[in-house]
Amino acid sequence: MIELEKAYESAKYEDVIYERWEKSAAFVPKISPKKKPFVISMPPPNATGTLHLGHAVMLALEDIMIRQKRMQGYSALWLPGTDHAAIASQSFVEKKLQAQGIKRPREDLGRDKLLEEIKSFVETSKNTIRNQIRKMGASCDWTREKYTLDAGLNHAVNVFFGRMFEDGLIYHGDRIVNWDPRMQTTVADDELEYKEEKTNFYYIQYGPVVIGTARPETKFEDKIIVVHPDDNRYKKLHGKEFEVDWINGSIKAKVITDRCIDPQMGTGAMTITPAHSLVDFELAERFKLEKPRIIDLEGKLLDVAGEFAGMSISQARPKIVEKLKEKGLLVKVDENYVHNIAVNYRGKGVIEPQIMKQWFMDVNKPAIEWKGKRMSIKDVMIDVVESGMIKIVPKRFEKIYFHWIKNLNDWCLSRQIWWGHQIPIWFKVSAEDKKKWSHHPESSSYLLQSLKIKILETRFSESEPADGHWIHDPDTLDTWFSSALWTFSSLGWPEHTDDLTYFHPTDVLETGYDILFFWVARMILASTYCLRYDGLPEERCIPFKTVYLHGLIRDIHGRKMSKSSPETCIDPLEMAKKYGTDAVRLSLIIGNTPGNDMRLNEEKIAGYRNFVNKIWNASRFALLNIPDPQKDVDDIERFIKTGTDRWIVTKLHRLIHEINTDLAKYRFSDGANKIYEFIWGELCDWYLEISKGESMNSDVLLYVLKNVLRLLHPFVPFVTEVIWSKLGNSEMLIGDSWPKYDGGLIYEEDEKKIEIIKEIISSIRSIRADNKIEHTQKIQAVIYAGKSTALLESHKDTIFRMARLENLIIKEEGDKVSKALWKLIGEIDLYIPLEGLFDIKKEIEKLKHQIVETENKLHGLSSRLSNSSFLNKAPAEIVAKEKELMLQLQKELETINQKIKELENL
RNA sequence: GGGCAAUUAGCUCAGUUGGUUAGAGCGCACGAUUCACAUUCGUGAGGUCACAAGUUCGAACCUUGUAUUGCCCACCA
């Protein structure tokens, strides 16, 4: 006999179990031609972060898929890794250093030392996240773990860049970029946040027109007035040139027209500042205008500002306004103007648009041989989804994906930070320039421009070329550039290793929908480009076959969980410690449907902790009653004795079938719910209750228990593995096989009968409750006609047992069964006829109400069944069903009428 | 401004191809409980499926419109 604790204590087992799994190499799939591979690339968490709920959902869902496939005999690979998270890491470490008194980390430490600092920090926190992934029970293959800055992956990035460079897909271009003066970096559009801010809106006399602006400090060099061509107010000024008295003296201005101007906005006339505004930049490009720089990279005014040079924006603005006022140019000030300012979502620095040379990826140039045509990156990205090579779950995101791709601009690849993959581009310069450059530890590509270093040649190379003096482009690549390669660079690409050949393309890419564009789209881009370049057939060039997008977890108020609101932020690790990892996993899976956000609170986790405990106790009960848990009961047909046995086996088999369907269709929530329902609602509430007493069928119980553990294992791996070992199995459940469902052993008759018995018992319970009969009191119940005597005959045992448990005597007059049942009466202390137990009048009213309801339903049914269009148009099954239902209702009606008669006679 | 969605019980959410009486968990009310489990068991109350019109034999589900909410993209001199 095996003794188990009264309650499952997750903390006692989880670490031990995980260690056993990992040591057993259960996570490491073998490359075998006999087995089919199933592969998931784990979206690499930031190496610097700690595990949050988003990761926990991701890990739970992927672990479910991997564990099931592994049990089904697939060679299941789940490849884990971490991401270097360029901007996040560098900004975190810089902040930390600043707190320690190193005010300007880049200048003070220089490139090598700062990188050293970041590296040591990342190494430490990488271990943290690794262990946190283990805590969640993730059965990933740690022997294949990768990190985006590993030498091999770095090489992959260089190869990718180099090929695109040679293909002419990567170019160095002038662009207005979102410059963050605080972090001294450019920021991708994706990484911007907009913040509403109330500010002054100034109306300033500019020659013959009044212009409106919120930013007078950028206007020193504004020489062009733009108006809408149809704006009558300014028609006579079109194309005119004139002298304007401006902030620092007089300048020459010109009027041009363009349709991008909104006449309703401000005065309908504006001057442009091409170097510090995207719209103005585009206008200047179109009209081939100069783009003088006004603000430097620190956010300070340059020499063109005259007396204001060197001031920061916030210092200068009031002074400039003051000067305009003195000169009589300030017309009026609107103090309630609200506009959106862009801030970097990391660090919240206010964005100052600047012109810079950046590396771009051309997404429109035809460059890939695809299905017999030469296509652009964009076209291929659309084709793989449109043609169904890649499916997105839920489907509606396919539309969103197409919409995004159609509006896709060239991808700005460079970042003015150091942590990451340094751009594999070298600039040939003079010896003198090289020397000048070496004095600047704070190098970034901007310095190349401001130091006026003359570039003699630009070359792609992984290492410094030998012929002459070279400067390595100091910038790094966008983090997503390396992440884009993840599915195949992590398998050894650019080498065509055995792993790459066997495991790629991966099967499912599971992630939150928030990074569909950041990451998913770019993986498709990189994979199709690189692998097609290698000459693989199209179907092998996709990174994955299915994209499953889970919903984001929100707090109880529907807000995104973030560290900025710690009061509502749920820490998955803390919850796992408190309630067990299994409970946390269930709470994140159940109720989570693809693409829809889910709110989570602690009570929900506690609820699933109760369920895990229920599994534990049901198993505990089973173990107390199973003499030999090692007995082979797989051929279950031989061990079935009663109708109840047949019923629970049927239910189990149906469950297996449903779980298979649900998991195959990515309905994780539904699947988990059905097992929950089966265990709590069928197995514990009924089968175990019915089994109590003398005639427990321990073989069937063992069969059900073992299969339930198998079904549960992907969802709640820890508790099931513990129980599995308590059963005396030497092999672990993780390596056991998934229950097979062949469609056999379904006993519909018994299924129906037990359902009826359940109904009878429930109604007895409710009678007891309605009439406040204590459970200790033995009562007699009368089962009315309608529940057939044949049923009672064939399920005598069950009824007897349940009757005992319910302290119930069943009487059915004139029946064979009742004779046997009457024998029971001898054992009864107290005999209370059922009729005496309730308020007859009330009961009759209730029944009459039932009659009205039933008649209404019957009325509806019969009118439908007499409707010729229904009979002609509705499917035959539906009609048959409705007919059957009508007969049933008619019978029910009779029964109720009979009941009323009986009651009235009392 | 463009796009995508959501609206179902007090709360959080399911509801698969349109098909019988719309479900679950939590919460609430009442009751039980030595015999696997108080992390338990039983019973119950609680719904005009946001609103309106349409298609259909039949609509929570399909169509159109309205309202509210959320998200994404763009713009904001």
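Reminder, nothing fancy here: chain letters follow the sequence lines and each chain counts from 1.
Base pairing analysis places B:rU20 opposite nothing; no Watson-Crick or G-U wobble pair with both distances below 3.5 Å involves it. If you check B:rA14 for Watson-Crick or wobble pairing at under 3.5 angstrom, you find it has no partner at all. Of all nucleotides present, none satisfies the Watson-Crick or G-U wobble test against B:rU56 with each distance under 3.5 Å. Searching all strands for a Watson-Crick or G-U wobble partner of B:rC41 with both distances below 3.5 Å returns B:rG31. When both distances must be under 3.5 Å, the Watson-Crick or G-U wobble mate of B:rA5 is B:rU69. For B:rC49, there is no paired base (Watson-Crick or G-U wobble, both distances below 3.5 Å). Base pairing of B:rA77 is not made with any nucleotide, judged by Watson-Crick or G-U wobble geometry with both donor-acceptor distances under 3.5 Å.
Taking every side-chain heavy atom of A:Lys614 into account, B:rA36 is the closest of B:rA36, B:rG42, B:rA77. When the nucleotides B:rA5, B:rA77, B:rG19 are ranked by their closest atom to the side chain of A:Phe870, B:rG19 comes out on top. Checking B:rA77, B:rU39, B:rU12 against every side-chain atom of A:Met270, the shortest atom distance belongs to B:rA77. Nearest nucleotide to the A:Ala874 side chain, out of B:rG15, B:rA36, B:rC57: B:rC57.
Side-chain to base pairing of A:Lys6 with B:rC37: no donor and acceptor N or O lie closer than 3.5 Å to each other.
B:rC13 atom C1' lies 16 Å from atom CD1 of A:Ile605, rounded to whole Å. Counting to the nearest Å, the P atom of B:rU12 and the CG atom of A:Leu586 are 22 Å from each other. Look at CD on A:Glu398: it is 14 Å from P on B:rC4, rounded to the nearest Å. At whole-Å resolution of the value, CZ in A:Arg396 and C1' in B:rU16 are 16 Å apart. Remark: C1' of B:rC37 and CD of A:Glu9 are 14 Å apart, rounded to the nearest angstrom. Note: CD (A:Glu677) to C1' (B:rA24) measures 7 Å, nearest angstrom.
At distances below 3.5 Å, at least one donor-acceptor pair connects side-chain atoms of A:Tyr401 with backbone N or O atoms of A:Met381.
Other residues, nucleotides and ligands contribute only 12 or fewer heavy atoms inside 6.0 Å of the NZ atom of A:Lys391.
At a threshold of 4.0 Å, the pair A:Glu5-A:Lys12 counts as salt-bridged, since one of the basic side-chain nitrogens sits closer than that to a carboxylate oxygen. Note on A:Glu682 versus A:Lys674: no salt bridge recorded, every NZ/NE/NH1/NH2 to OD/OE distance being 4.0 Å or above.
Rounded to whole Å, the C1' atom of B:rG18 lies 12 Å from the corresponding atom of B:rC57. Rounded to a whole angstrom, the distance from the C1' atom of B:rA45 to that of B:rG2 is 47 Å.
Comparing A:Asn610 and A:Met598 by the nucleotide of RNA chain B that holds the closest heavy atom to each, the one mapping nearer the 5' end is A:Met598. Mapping A:Phe201 and A:Lys873 onto RNA chain B by nearest heavy atom places A:Lys873 at the nucleotide closer to the 5' end.
Contact check, A:Lys883 against B:rU20: no side-chain N or O comes under 4.0 Å of OP1 or OP2.
By the 30° and 60° cut-offs, the orientation of the rings of A:Phe611 relative to A:Tyr676 is tilted.
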